[in-house]
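Working notes, structure below.
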Amino acid sequence: MQKIIAFMKYPRMTGIDFAVDYHGYDLSSLSISTPRSMKKAVYYAPSGKLESITIGSGNGDKRINFYDKGYKERQNLPQNHPHWWRVEIQRSRFKNEDDYFTNPYEGMTFTLPASFPPDMKAADRAMLIGLQQQPELWNELGRKVKERLRDLQHQASKSLDPHPAEVFELYKEEMQAQLQELFAPAYQNSPFYQVL
């Protein structure tokens, strides 16, 4: 790859995939929210267990894939292999090189159901349970109702720990160094680099 990149006059990335893996935890009940409304598709295995969630479209600048990596790799893993889930973001259409490593997980919430507070109304509990089973119904709710239920959902849940945004920040410099090393031959052959 470096040999090919070395011949490029203006090397740049057109897409980068970032993935955070979680081992040993069953995340089949994880709920994902994004700062702005995005198209969402949920897929289940023949057993009825959650297999994957896709948020965003293929022609957008960000697409989120959350899936049971262990289920996908089941043929290559031992039968008693612990849970293995992946939160992956596919990015494209970068503003500039500085935008490559803008944290793509920032502003997203990843929550797991905990327990409902004892003072929560039965109707609200029923609504949240129904919305967890059929998340597409969120789109049919009014703005105020949606905001109120989102607050209640947050009270009745716990966040994924560590948050993918924290993991991204932890490895950001290492990823930047890897990309710089990959592009090094092209930079060395550029007229600007040779002048320096």
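By convention here, the first residue in the shown sequence is residue 1.
Under the 3.5 Å distance criterion, the side-chain polar atoms of K62 are matched with a main-chain donor or acceptor of P104. Listed for the S52 side chain is no donor-acceptor partner under 3.5 Å among the backbone atoms of V42. Put simply, the side chain of R150 never gets that close to the backbone of S33: no donor and acceptor are under 3.5 Å apart. With hydrogens and angles ignored, the 3.5 Å screen pairs a side-chain donor or acceptor of K40 with a backbone N or O of I32. A distance-only check finds no donor-acceptor pair linking the side chain of R91 to the backbone of D61 [under 3.5 Å].
No side-chain heavy atom of S31 sits less than 4.5 Å from a side-chain heavy atom of L112. Side-chain contact between M120 and L152 is present, with at least one heavy-atom pair separated by less than 4.5 Å. Residues I16 and Q90 have side chains not in contact (no heavy-atom distance under 4.5 Å, counting atoms from C-beta outward). Side-chain contact between T102 and K172: absent, with no pair of heavy atoms (C-beta onward) separated by less than 4.5 Å. Side-chain atoms of M175 and F18, non-hydrogen and from C-beta on, do get closer than 4.5 Å to each other. Counting only heavy atoms from C-beta outward, the side chains of Y100 and M13 approach each other to under 4.5 Å. Within the 4.5 Å cutoff, side-chain heavy atoms of T34 are placed close to those of I55.
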Show your reasoning for whether side chain to side chain contact (heavy atoms under 4.5 Å, CB included) applies to L131 and W138.
CA-CA 7 Å; L131 289 165; W138 281 102; 3.7 Å; yes
Please determine whether side chain to side chain contact (heavy atoms under 4.5 Å, CB included) holds for the pair K69 and W85, giving the CA-CA distance in whole Å, both sets of side-chain angles, and the decisive distance to 0.1 Å.
CA-CA 5 Å; K69 181 74 173 172; W85 289 82; over 6 Å; no
Determine, stepwise, if the pair R148 / D124 fulfils salt bridge (charged side-chain N to carboxylate O under 4.0 Å, His left out).
CA-CA 10 Å; R148 188 178 67 80; D124 288 335; 3.2 Å; yes
Pair R93-D99, side chain to side chain contact (heavy atoms under 4.5 Å, CB included): steps then yes or no
CA-CA 9 Å; R93 297 183 193 156; D99 191 31; over 6 Å; no
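Here I89 contributes atom CD1 and F66 contributes atom CZ; the two are 12.5 Å apart, rounded to the nearest 0.5 Å. In this structure, CD in E166 is found 12.5 Å from OH in Y171, a value given to the nearest 0.5 Å. Here the straight-line distance linking atom CZ of F110 with atom NE2 of H163 works out to 5.0 Å at 0.5 Å rounding. To the nearest 0.5 angstrom, M108 atom CE is 10.5 Å from R36 atom CZ. Of the inter-residue distances, the one linking K39 atom NZ with N139 atom CG reads 12.0 Å to the nearest 0.5 angstrom. With rounding to the nearest 0.5 Å, the separation of CG in N65 from OG1 in T54 is 4.5 Å.
For the residue pair L128 and L149, the shortest heavy atom distance occurs at CD2-O, 3.6 Å. For the pair M38 and G56, the tightest heavy-atom approach, listed with the atom from each and the gap, is CE-CA, 3.8 Å. What you find for G24 and P82 is that their closest heavy atoms are CA-CB, 4.0 Å. Closest approach of N103 to A165, counting heavy atoms only: ND2-O, 3.0 Å. The shortest non-hydrogen separation linking Y22 to P162 is OH-O, 2.6 Å. Closest heavy-atom contact between L179 and F101: CD2-CE1, 3.7 Å.
Transitive grouping of hydrophobic side chains (ILVMFWY, heavy atoms separated by less than 4.5 Å) keeps L30 and Y43 in distinct clusters. Hydrophobic clustering, with ILVMFWY side chains joined whenever heavy atoms are under 4.5 angstrom apart, groups L27 together with I53. Under the 4.5 Å side-chain heavy-atom criterion for ILVMFWY residues, no single connected hydrophobic cluster contains both Y67 and Y105.
Sparse packing is recorded around OH of Y25, with 12 or fewer heavy atoms of other residues, nucleotides or ligands lying under 6.0 Å away. When the shell of 6.0 Å around NZ of K49 is examined, it contains more than 12 heavy atoms from other residues, nucleotides or ligands.
A side-chain N or O of W84 and one of D21 form a donor-acceptor pair less than 3.5 Å apart.
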